[in-house]
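Presented below is the structure to which this report refers.
Owing to the predicted nature of the structure, the values given are computational and were not obtained by experimental measurement. All ligand and atom numbering here is 1-based and tracks the order in the structure.
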Amino acid sequence: MRSLLDLDDLDVPTIEALLSRAAEHSVEGSSGERTEKTLSGVTVSNLFFEPSTRTQLSFDLAAQRCGADVLNFNEIGSSTSKGESLQDTVQTIAAIGSDVLVVRHEEPGTQARVALWTAKSVVNAGEGTIAHPTQALLDAATLLRRFGRISGLRVGIVGDVAHSRVASSLLRLLPRLGATVFQIGPGNLMNDDTPVEALGNLDDVIGDLDVVYLLRVQRERGAEIPDDYIDRYQLNRNRVEQMKPEAVVMHPGPVNRGVEIESSILEEERSLVLDQVAAGVPVRMAVLEWVLGR
Ligand code: CP
């Protein structure tokens, strides 16, 4: 049994194998082919201590598609309100019969602690501002599907990079897969713990990018937005017209329409936002199979 705590723990051939397996599941999904029940007899438990739409639902569906049983822990209404500790909650859910614990938590290091408290597989479904490995994998899968390659792509991650766990994972994953990555935004929203170049002016580079990857400003994590943020960084109609014809727009969601992006751009063919969501299920099927060695 393995865990997926961070993509830095996986070598590139393993990441490529996961993406390849996800592509097989994606073909099955779109052709209506019957998916082999590789996780029959397995129980996957989702433990989300932060809100989620995409990640929790797609882990749930991914597990079901592979034939697993699924438990969805809901903190509201649980015995945590009676003082049960996180460790006791985790060990209780493991003892009920879980084989995999899919964990989202705001506190960095929680998933690693969970992996010490139980012998079950642990999958990181979002860790504070530190990591969101399966989102980065599904983004890589989306790029592969669109461009047929990641190597050589020029990717600009725009906005609140400092508070984004998705950006944190992408800044580490995409260069390993051969992409050239830039972080773009106001200085106070850049990630200082990365060698990835930070650029302050989106207009200087937008015409050279293959991927404009937008982020939501995370006010709930204390992000302060400069008054000229929308003027300088929103992907609006004028900026889209500066993009290369084949360049794409991505966003991990949830989107704040009218802030980081002009709403109508999401409906365009170059927007891969819903393709990213769709890639979440096959990628998480591949991850669940991998942690269980199936
Ligand atoms: N991208 C992402 O993690 O979305 P959710 O918060 O809805 O899961």
Where on E50 is there a heavy atom closer than 4.0 Å to ligand 1, on the side chain, on the backbone, on both, or on neither? neither
Beyond-backbone contact of E107 with L86, side-chain heavy atoms, under 4.5 angstrom: no
Is there any N or O on P254 that sits under 3.5 Å from an N or O of ligand 1? no
[X] heavy atoms, cut-off 4.0 Å: which ligand 1 atoms fall inside?
X    : answer
T55  : 2 (C), 3 (O), 4 (O), 5 (P), 8 (O)
T53  : 5 (P), 7 (O), 8 (O)
Q135 : 1 (N), 2 (C)

Tell me whether the guanidinium CZ or amine NZ of R284 lies under 6.0 angstrom from the six-membered ring centre of F59 and within 45° of its axis. yes
Which of these, E106, E127, E50, sits in a salt bridge (charged side-chain N to carboxylate O under 4.0 Å, His left out) with R165? E50
Checking I157, L153, L170 against V181 for side chain to side chain contact (heavy atoms under 4.5 Å, CB included), the one that qualifies is I157
Test side-chain contact (heavy atoms from CB on, under 4.5 Å) on V248 and D275; report intermediate values, then the result. CA-CA 11 Å; V248 299; D275 302 71; over 6 Å; no
Give the residue and atom name of whichever protein heavy atom lies nearest to [atom], and the separation in Å to one decimal.
atom                   : value
atom 6 (O) of ligand 1 : R104 NH1, 2.9 Å
atom 1 (N) of ligand 1 : P252 O, 2.9 Å
atom 4 (O) of ligand 1 : R54 NE, 3.0 Å

Test salt bridge (charged side-chain N to carboxylate O under 4.0 Å, His left out) applied to D203 and R239, step by step: CA-CA 7 Å; D203 294 315; R239 290 198 171 101; 2.7 Å; yes
